[in-house]
Number of protein chains: 2
Amino acid sequence: MITQKSLRSQIIEVVWQLIIDGKIKPNEPLREIHLADMLNVSRTPLREALQQLELEGIVKSEPRKGFRLSDLSEEELKEIYPLRAKLESYALELSGIPSPEQIDELISINHKMDTSNDPKELVELDEIWHGLLISNCKNKSLMKMIKMLHRQSQRYEYAYMDFGNMVKFSISQHAGIIEYLKKGQLKEASILFAENNMVGMDALINSLKLKHNN
Amino acid sequence: MITQKSLRSQIIEVVWQLIIDGKIKPNEPLREIHLADMLNVSRTPLREALQQLELEGIVKSEPRKGFRLSDLSEEELKEIYPLRAKLESYALELSGIPSPEQIDELISINHKMDTSNDPKELVELDEIWHGLLISNCKNKSLMKMIKMLHRQSQRYEYAYMDFGNMVKFSISQHAGIIEYLKKGQLKEASILFAENNMVGMDALINSLKLKHNN
DNA sequence: TATATTAATATTGTATACAATATACAGTAT
DNA sequence: ATACTGTATATTGTATACAATATTAATATA
């Protein structure tokens, strides 16, 4: 079956790329006409796309003033990550122990992370790893929220990708989670998973502070 | 004609009223032209409103087929309420002990619930009570998600308002939460708050099953 | 020069127009 | 009668047009 992707969702992805590539800076206004011309679409689907990104917390808007890219702040970071930790950890509990094939895949991705030193690739692999770990979760509302939080946290990750040696530690935590899962210790795995998210946050806070002090 | 303000948000509220008043039935298509004419607005802001409701999980859409009101299901109910329980309980922990004035207000609302026997009013009061309890929470992302879940759960509450004697029990739980808060036992209060949400779910499941069996 | 005021321009919010697709229906063949 | 095919109608998706507001530039004035 041929499925036509809606213009709106395509626009969202393109704008999202502009954002994580730093082509649009935090707090920068997103002028509709300019963007629409740039993407060769009309304002109508563009506005719909931006409104969705606003619901997802990426973009903000004031009446009659239009959209602008949201700021990045330590405060928001400290809101998002603990929430993400709680929700992902809950999602893992609901997912149950992954299948052997999934565990193999988790190991494989984690290995790739260990050998990679491209920060952007690391962000992507970590995202995939987290997604796979909870992919059996059937709670759609929960998954939707996690997806929203992923977008938000990825902005920080792409902006402050200088993780330093936290990566190694995070990878070891992944390994630890996998070990628990192999032994069927779901609860322990989910607790460690939450910690893993918090470690990611700490790394980002460090990078953020470093960058800010320059 | 709707008065001049923020048209989109006004449309959302009007459509929302149509939904909770049962003027639109679950799974019923929402034809844009028809609705737009009815509200004396154009399709553009109406579509934007419907898209927001879709993001909030109230409405769904398929490409080229338009919007329809989401179904109500026991399955979804069992997704939403535990999530709501987790998030509200977390929000209470972050809120800290309410001020004496807030506690007085919580007592007062709970008392009103005790004397009311209008189901619709009960739903509204319970909503207000929950909102007030966590109103000190500063985590905007968390509050946004809770707001989304409130909309979703309210659909169930308005549709199956025949709570029976669960109301009395819920009110007693509220009283219990207040007692904990007065004693500064935040953690205990938040645990009971989660239970309170789950009791609400159980009541709804009962009503849902009863209605379904007729 | 700096500030206030007003005109010009740009931008958003909403309505309408047009194009693409889906749905409903009539007519025909089996 | 039923299933099928083509056509008419309705509906959505996208683009454009217009009106209301915000922003910028220009001018006048102290």
Side-chain angles (χ1 to χ4, degrees), chain A residues 1-19 23-71 144 147, chain B residues 1-19 23-71 144 147:
Chain A
M1 164 131 91
I2 305 160
T3 165
Q4 163 125 307
K5 249 197 268 170
S6 78
L7 200 45
R8 190 174 96 225
S9 63
Q10 290 181 68
I11 293 173
I12 289 175
E13 285 316 308
V14 174
V15 173
W16 174 241
Q17 282 303 320
L18 291 175
I19 292 172
K23 299 271 171 50
I24 307 171
K25 297 279 184 298
N27 213 38
E28 185 180 323
L30 302 166
R31 269 164 297 135
E32 296 174 9
I33 301 168
H34 176 249
L35 256 179
D37 284 355
M38 181 184 231
L39 308 182
N40 272 304
V41 296
S42 74
R43 282 174 56 216
T44 310
L46 174 66
R47 277 174 64 90
E48 294 178 350
L50 292 178
Q51 276 162 24
Q52 175 158 345
L53 286 174
E54 183 176 16
L55 266 287
E56 293 182 16
I58 306 300
V59 151
K60 63 188 173 190
S61 77
E62 287 175 276
R64 289 277 166 202
K65 292 205 159 191
F67 297 93
R68 45 181 64 222
L69 187 52
S70 295
D71 263 325
K144 201 164 159 184
K147 225 164 264 170
Chain B
M1 169 74 154
I2 298 176
T3 56
Q4 307 246 11
K5 224 169 90 184
S6 168
L7 207 40
R8 192 174 96 225
S9 61
Q10 287 183 82
I11 293 173
I12 290 176
E13 285 316 308
V14 174
V15 173
W16 175 241
Q17 283 302 320
L18 291 174
I19 292 172
K23 299 270 170 49
I24 308 172
K25 298 278 184 302
N27 214 37
E28 186 180 322
L30 303 166
R31 269 164 297 134
E32 296 174 9
I33 300 170
H34 175 249
L35 256 179
D37 283 356
M38 182 183 232
L39 308 182
N40 272 307
V41 295
S42 74
R43 283 175 56 217
T44 311
L46 174 65
R47 278 174 64 89
E48 294 177 350
L50 293 178
Q51 276 162 23
Q52 175 158 345
L53 286 173
E54 183 176 17
L55 265 288
E56 292 182 15
I58 306 301
V59 150
K60 64 187 173 189
S61 77
E62 287 174 277
R64 289 276 167 203
K65 292 203 158 191
F67 296 92
R68 44 181 65 222
L69 187 53
S70 296
D71 263 324
K144 202 163 159 183
K147 226 164 262 171

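The chains referred to below are lettered A, B, ... by the order of the sequence lines, with proteins before strands, and numbering in each begins at 1.
Between B:Arg68 atom CZ and C:dA22 atom P the separation is 15 Å, expressed in whole Å. Going from atom CZ of A:Arg8 over to atom P of D:dT14 covers 9 Å, rounded to whole Å.
Sorted by first and then second residue, the salt bridge (charged side-chain N to carboxylate O under 4.0 Å, His left out) pairs with a member in residues 59-71 of chain A form an empty list; sequence neighbours excluded.
Two residues are said to be in side-chain contact when any heavy atoms from C-beta on lie closer than 4.5 Å; A:Val59 and A:Val15 fail this criterion.
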Atom pairs, N/O to N/O, protein against nucleotides 6-13 of chain D, distance under 3.5 Å?
| from | atom 1 | to | atom 2 | distance (Å) |
| --- | --- | --- | --- | --- |
| D:dT11 | OP1 | B:Arg31 | NH1 | 3.3 |
| D:dT12 | OP2 | B:Glu32 | N | 3.2 |
| D:dT12 | O2 | B:Arg64 | NH1 | 3.0 |
| D:dG13 | OP1 | B:Arg64 | N | 3.1 |
| D:dG13 | OP2 | B:Arg47 | NH1 | 2.5 |
| D:dG13 | OP2 | B:Arg47 | NH2 | 3.3 |
| D:dG13 | O4' | B:Arg64 | NH1 | 3.3 |
| D:dG13 | O4' | B:Arg64 | NH2 | 3.4 |
| D:dG13 | N7 | B:Arg43 | NH2 | 2.8 |
| D:dG13 | O6 | B:Arg43 | NH1 | 3.0 |

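A distance of 6.0 Å separates CG of B:Leu55 from NZ of A:Lys144, quoted to the nearest 0.5 Å.
Contact between the side-chain N/O atoms of B:Ser42 and the OP1/OP2 oxygens of C:dT14 is not found at any separation under 4.0 Å.
A donor-acceptor contact closer than 3.5 angstrom links the side chains of B:Gln52 and B:Glu56.
The side chain to side chain contact (heavy atoms under 4.5 Å, CB included) search around B:Glu28 returns B:Ile24, B:Lys25, not counting sequence neighbours.
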